[in-house]
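Report on the structure given below.
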Number of protein chains: 2
Amino acid sequence: MPRDGSATRERILETAERLVIDNGFAATSVDRVIAESHSSKGSFFHHFASKNDLARALVERYAAADVAHLHAALEHARAATDDPAKRVVAFLSYFENDADAIMSAQSSCLYVSILTERDLVLDGTSGQIEEAVVAWRDGFAELLRAALPGRTPAGVDIDVDALSDHVFVTFEGAFLLCRSTGDSGHMHRQLTVLRHLMEALLGAVAATPPRRRRAGTPSRH
Amino acid sequence: MPRDGSATRERILETAERLVIDNGFAATSVDRVIAESHSSKGSFFHHFASKNDLARALVERYAAADVAHLHAALEHARAATDDPAKRVVAFLSYFENDADAIMSAQSSCLYVSILTERDLVLDGTSGQIEEAVVAWRDGFAELLRAALPGRTPAGVDIDVDALSDHVFVTFEGAFLLCRSTGDSGHMHRQLTVLRHLMEALLGAVAATPPRRRRAGTPSRH
DNA sequence: CTTGTATCAGACTGTTTGGTCTGATACAAA
DNA sequence: TTTGTATCAGACCAAACAGTCTGATACAAG
């Protein structure tokens, strides 16, 4: 009894997302997605041209929600304070507070499942994941640059992009740590560690003897 | 012409490791492993009871090499200096120097490929990965505890185990970052970031006004 | 009512899969 | 030489797989 239309598509996507995150994409058969979403072959291949097209749709959906989550955290941080360093901490605390909710909603990250299958990655889903990665890098790097105007106390240049990427890295690594031990509490603890480390770095920069910004510090380039 | 014996087994393992890391375990067929290792069905199922048995053997091999790598870094750090803080940095620098070699030898980490397939994880390979994770945690935590005798300057207790896990987390997250962008240089940059962050934390602790160690600091427990 | 279209159901198909089975080959021990 | 065993080769099989096809149902437009 076909009634509503695209609600079926959404039901298939939700079921498939869970199965792919839990078991991987190649290990998730179309038949099982159909069975667990109470759909049918005809329905599935009406909404998706192929199994790979499902992967594309899954990544599109997931990446959109992911980037939305990022922007929510950025807005939260900007609204919380005007102090650049405190904004950085507020940004990280936002995810720290969300950690347990994230882990109860999903056992791992879809990116992990998709990125492990290189064939799919080359098919066009890769671009969407990379766009999300770049969004995270740029979004947090903007906060970081405001809080890290100069050099670290040790006189070492910090690669702000790489430092910003470390948030993404911590998320993905923590997802794997949770899975390898079966303890989803690692996500919260790793985000706490990330905040502590970042606070230490910001504290070290703040404690640096005031150098003149944008002045004649000997450049290496 | 059967000549040497277990060299075939090793050839199959090497081929399978590469294929599984590149494409995932479920997406790697036994037929392809056979073809690319110039072996045969009879040979494969003589050395491995099933495809899952191959997974078990792969993880066993990989985890052993992984833990050996850890112990090499620990010995390097202990031999390098007696200063606890410098030992921590030496440990991290060891991997930083190895980053490019690691990435040219393998495009990602076998753990990622195995952990994404939950069915396999429950089969018995999971224990070996978890043992490796615990080895990393305990190994680095010992160095950390020597260098972090007290509290951080902010008066916040650091979870040393979680801080130690962050090395594993950084590795796994960096592997995924490399894959999502196709840039293997991220591994080196992320390990550099990890070292910078850890140095800042150690510096912050060192700059803490000298509290009496093991004395009557108000305990929370 | 008629027609068109979007949605769905499920039987069906050709291919790929993990795994089995029958032998063949090399070699060591007797 | 004879026997036994470890190793390998590849034909073969049943199950699972992604994808196709025919048709049914609902509903909106005319």
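Protein chains get the first letters and strands the later ones, always in sequence-line order, with residue 1 at the start of each. As the structure is a prediction and not an experimental result, all values here were calculated from the model. Computed from heavy atoms alone, side chains included, the values below leave out hydrogens, waters and symmetry copies.
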Can you list, by residue number, the residues of residues 15-27 of chain A that have a non-hydrogen atom closer than 4.0 angstrom to DNA chain D?
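Hits under 4.0 Å, by residue number: none.
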Going by heavy atoms closer than 4.0 Å, what residues in residues 32-39 of chain A are next to DNA chain D?
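Contacting residues: none.
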Nearest whole angstrom, please: distance from the [atom2] of [N] to the [atom1] of [X].
X        : N      : atom1 : atom2 : answer
B:Asp31  : C:dT15 : CG    : P     : 16 Å
A:Arg11  : C:dT7  : CZ    : C1'   : 12 Å
B:Phe48  : C:dT20 : CZ    : P     : 15 Å
A:Asp119 : D:dA18 : CG    : P     : 14 Å
A:Lys51  : C:dT15 : NZ    : C1'   : 15 Å

When the nearest nucleotide of DNA chain D is assigned to A:Gly42 and to A:Ser29 on a heavy-atom basis, which residue is associated with the more 5' position?
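It is A:Ser29 whose nearest nucleotide is closer to the 5' end.
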So, is A:His47 near the phosphate of C:dA6, with a side-chain N or O under 4.0 Å from OP1 or OP2?
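For A:His47, the contact criterion (side-chain N or O under 4.0 Å from OP1 or OP2 of C:dA6) is not met.
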Does A:His46 make a side-chain N or O approach to OP1 or OP2 of C:dT7 shorter than 4.0 Å?
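Answer yes for this pair, as a side-chain N or O of A:His46 is under 4.0 Å from OP1 or OP2.
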Check: A:His38 main-chain N/O paired with A:Arg11 side-chain donor or acceptor under 3.5 Å:
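At least one qualifying donor-acceptor pair exists.
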Using the ring of each side chain (for Trp, its six-membered ring), is A:Trp136 parallel, tilted or perpendicular to A:Phe95, with breaks at 30° and 60°?
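Geometry flag for A:Phe95 against A:Trp136: tilted rings.
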Measure up the B:Phe44 and B:Phe48 rings against each other and bin them: parallel (under 30°), tilted (30 to 60°), perpendicular (over 60°).
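Because their plane-to-plane angle lies in the 30° to 60° range, the rings of B:Phe44 and B:Phe48 count as tilted.
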Please evaluate the base of D:dG19 for a donor-acceptor partner in the side chain of A:Lys41 within a cut-off of under 3.5 Å?
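Yes, a donor-acceptor pair under 3.5 Å.
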Are there more than 12 heavy atoms of other residues, nucleotides or ligands under 6.0 Å from atom CD of B:Glu142?
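For B:Glu142, atom CD is not crowded (no more than 12 foreign heavy atoms under 6.0 Å).
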If you draw a 6.0 Å radius around CD in B:Glu10, do more than 12 non-hydrogen atoms from other residues or ligands fall strictly inside?
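Result for CD/B:Glu10: enclosed.
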Centroid-centroid under 6.0 Å between A:Tyr62 and A:Tyr111 rings:
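Aromatic pair counts; centres sit under 6.0 Å.
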From C:dT7, C:dG19, D:dA6, nucleotide with atom closest to B:Phe45 side chain
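The answer is C:dG19.
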When you get a sec, tell me which of D:dC8, C:dA9, D:dA18 is the closest nucleotide to the side chain of A:Val30?
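So the nucleotide nearest the side chain must be D:dA18.
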Taking 4.0 angstrom as the limit, do A:Asp161 and A:Arg137 come out as a salt bridge?
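Looking at A:Arg137 together with A:Asp161, the answer is no, because their closest N to O distance does not fall below 4.0 Å.
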Using a strict threshold of under 4.0 Å (side-chain N to carboxylate O), is an ion pair present between A:Glu199 and A:Arg195?
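Looking at A:Glu199 together with A:Arg195, the answer is yes, because their closest N to O distance falls below 4.0 Å.
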When the side chains of residues 72-83 of chain A are checked against the rest of the protein, which donor-acceptor pairs come out under 3.5 Å, sequence neighbours left out?
from    : atom 1 : to      : atom 2 : distance (Å)
A:Thr81 : OG1    : A:Asp83 : N      : 2.9
A:Asp82 : OD1    : A:Arg87 : NH2    : 3.4
A:Asp83 : OD1    : A:Ala85 : N      : 3.0

